[in-house]
Amino acid sequence: MELVELDLSGEPILPKARLVKTVYRACTLCEASCGLAFDVDGDAITGVRADPEDVFSRGYVCPKGLASGELHSDPDRLRMPVRRTASGDFEKIGWDEALTEAISGLERVREKAGRKSLGLFFGNPIVHNPGALLARAGLVRAVGAHRSFGTGSQDTSPRFATSYYLYGSSFLVPIPDLERTDYLLCFGANPVVSNGSFLTAPNMKARLRAIRSRGGRVVVVDPRRTETAREADEHVSILPGGDAALLLGMLKVLLDEDRVDTRAISELTRGFEAVARVVRELSLERLSAVCGVRVETMARLARELSATERSVVYSRIGISNNRFGTLATFANDLVNLAAGCMGSVGGALFTRPALDVTRISRLPGMDGHGRWKSRVRGLPETLGDLPAACLAEEIETPGEGQLHGLVTYAANPVLSVPNGQRLGRALGSLDFMVSIDPYVNETTRHANVILPPASSLTEEHLDFFFPAFTVRNVVRHSPPVLPKGPDERHDWEIMRALAEGLGGGFLGLPAPDALLRVARRLGHDVTPADMATALLRTGRSGDRFLPWSRRLDGKALRDAPHGIDLGPLEPGVRDRVTHRDRRIHLDAPPLVEALESFAREIPRTQEAGELLLIGRREVRSNNSWMHNLPSLVSGKERCVLFVHPEDARAAGLDDGDVAWLESRVHAGRVPIRLTDDMRPGVVSLPHGWGHSAVGSFQRTASRRPGVSMNDWTDDAEVESVVGQSILNGVPVRLRRAEPDVVRIQ
Ligand SMILES: Nc1nc2c(c(=O)[nH]1)N[C@H]1C(S)=C(S)[C@@H](COP(=O)(O)OP(=O)(O)OC[C@H]3O[C@@H](n4cnc5c(=O)[nH]c(N)nc54)[C@H](O)[C@@H]3O)O[C@H]1N2
Ligand SMILES: Nc1nc2c(c(=O)[nH]1)N[C@H]1C(S)=C(S)[C@@H](COP(=O)(O)OP(=O)(O)OC[C@H]3O[C@@H](n4cnc5c(=O)[nH]c(N)nc54)[C@H](O)[C@@H]3O)O[C@H]1N2
Ligand code: SF4
Ligand SMILES: [Mo]
């Protein structure tokens, strides 16, 4: 007898698509790494759900993760390499032909214009792709060491450089102990929407609510009353770029009121006096004017932080991407140290993950800052990449070392880098360009050849990057959801083929590369997942290849489809710091110089009539991509400028009007939405839109293109220590759009 399931009204439930298997996998679209469950029938994904048993996300998922199946089957995602034709269209070609054309095109440029004429650009998704991260150095060496550019300078270079100078390694980033803190002071981050960054933890709303329900306090410092600020006890509205001033003001209060944890300072650090001397001399009133936060608030925040035993200051890209990004990040860590939060439970902790990227970063040449500079403007590299804001000038400026050829990997700098239109024109002037990307986007449309990777769902995945920034020690192995097709290549295979074709190797390390080549010839191609597994097994929780060990090996990982929880973060500082004296170097010259120059010069405050433009993220966007998925772009227009009603009134604008927005580099139309969530004098536009140029290549995205915020941001001025792009606090003017105004470029 066959049992028929009935629904609540007694009707029989008809069998749905035949469910053949469920594959559990960590989402790789953002840092939160939520556990997803894929229902698979044959070679089709029939459903994507949250995995309620995932040890870390416990059933949390966001709309982007749920759209993973849609992304996989997007008809506009490239399945085969394409070549740009004379008409600007793209035609499909085979892999052999595509790779030969890419390699010979790059070689031709090098022969004609010299050894230094090729560059690279790496975009954000590389950090979610362990194979590509491993293959990166090999590609850089083969194409153009010292001429690599990247997204770090739009995002996190201030954090990496600060960590490098203070703790000895760029990857030693103090992470808020979210699960045990009783006071979270959050600067320039909107984790309820972004799902956390350098704070890897799914379901941020629940985690913030947990702090409050155990009697703790959450304070958010942001020029906009954000989705995170709405979850907080207090929102402190700050002027864009004011964070260094506010944090240094807090430090001064701690110093003046003898609240500094002197034991922590003397046990853990070196050079505190070099900092304290400058900070004591600062005027709280002047700092208050610079940041737009009252002196009383500044002082109260400092007192609350130091009076709460388990407290922490956390900051993210809102403070990175402005004129004082590195100084503000330095000040963040100084305040944590002075208030006794550094390295203690509930404070700011250094992770010690089972899979530890710092072991790779210690290889020769991997980590550093300022080891070389850009040719035209002399901006310093960070972790091997030059600042993105100087890519256009490196292509445009004649002379030895002018870039004539470029390889881009998972990047859309035309939409993500300041003065994107200028960069787009510069890319159009290159002699040859190769892009590794699954889409024709605003950047890759300039490429001569686009090499698309197989869907990431076809690759075994074992992350060794984000565990370094995760609020718990978790390991997560993900099997492929579907097999890779015979005519598809993973990112690392494409990168390796390019590197080898140009005379280099996979990892860019001659001896290991030779061994890997021999293994491949013998029929065993060592994959990035194999390498990550070896890193795990030789790490602190690994079996060290000892047959009798009961610690982690590859099988233990595969046997745990929902991940393995290895417990909370552990306190401690000196055993993590990698400087030889095991001390935090507060007197690192680049940081102290930034502080001294800040103290000397009165930073520019907002000028009359001038508005400051800042950015914004939304739950259903992922930087410049994923706008081609119908489920993520349905509903009302999201690419709108948020304006405070007072500012709108001053400009003669009303809700829903199309306004004319002007900056130094661009002027154009933008629809506005009035909201008193904005600080008066500050306007906000999301980045990553502006898809009108990719019409037939991304049919859904181009139907609702929006405008690119980075048409208005400026590449001329950068932050002083690392050359960070200034993406927040950009001076703009707003007025009614006249129907007949001519667009100026
Ligand atoms: N849904 C979604 N999630 C994402 C992404 C996405 O595009 N969409 N992108 C991912 C990436 S690549 C990253 S790096 C992370 C970033 O994650 P977050 O760092 O959380 O980034 P944002 O959400 O942009 O939050 C930055 C906040 O800084 C505020 N801000 C702007 N200027 C200033 C300032 O001068 N001072 C202060 N205090 N605040 C300021 C902005 O109003 C904004 O609320 O998010 C990741 N997650
Ligand atoms: N104004 C303003 N600008 C910003 C920001 C801001 O807050 N405000 N945020 C900045 C930040 S934090 C970041 S990280 C950057 C992001 O900007 P970019 O680094 O340019 O990266 P994405 O926009 O994420 O574009 C990613 C490209 O990678 C491709 N891609 C996705 N997955 C893969 C993959 O697995 N393999 C390959 N080969 N390609 C893949 C996509 O198709 C897409 O074309 O934007 C920055 N720009
Ligand atoms: S928050 Fe969304 S995009 Fe980020 S990992 Fe989780 S499901 Fe994926
Ligand atoms: Mo980012």
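Keep in mind that the numbers below use all heavy atoms, side chains included, and drop hydrogens, waters and symmetry copies. Every number for a ligand or one of its atoms is a count from 1 in the order of the listing.
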Aromatic ring proximity, centroids under 6.0 angstrom, F697 and F90 = yes

Output all residues satisfying ring pair (Phe, Tyr, Trp, His ring centres under 6.0 Å) with H446, sequence neighbours left out; order by chain, then residue number.
-> none

Do V481 and T458 come within less than 4.5 Å of each other through their side chains, counting heavy atoms only?
-> no

Counting heavy atoms not belonging to K205, are there more than 12 under 6.0 Å from its NZ?
-> no

Can you pull the salt bridge (charged side-chain N to carboxylate O under 4.0 Å, His left out) pairs that have at least one residue in residues 687-700, sequence neighbours excluded?
-> D76-R699

Given S624, which of N412, N441, N710 fulfils the side-chain hydrogen bond (donor to acceptor under 3.5 Å, both in side chains) condition?
-> N412

Backbone of L661 reached by a side-chain donor or acceptor of W712 within 3.5 Å = yes

F465 and H128 aromatic centres sub-6.0 Å = no

Let me know which protein residues bring a heavy atom to under 4.0 Å of ligand 2; chain then number is fine for ordering.
-> G123, N124, P125, N129, T151, Q154, D155, I317, Y409, A410, A411, N412, P413, S416, I436, D437, P438, Y439, N441, P453, D491, R617, N623, S624, W625, H687, M709, N710, L727

Could you count the protein N, O or S atoms found under 2.8 Å away from atom 8 (Fe) of ligand 3?
-> 1

Just by distance, do the side chain of R616 and the backbone of I614 share a donor-acceptor pair under 3.5 Å?
-> no

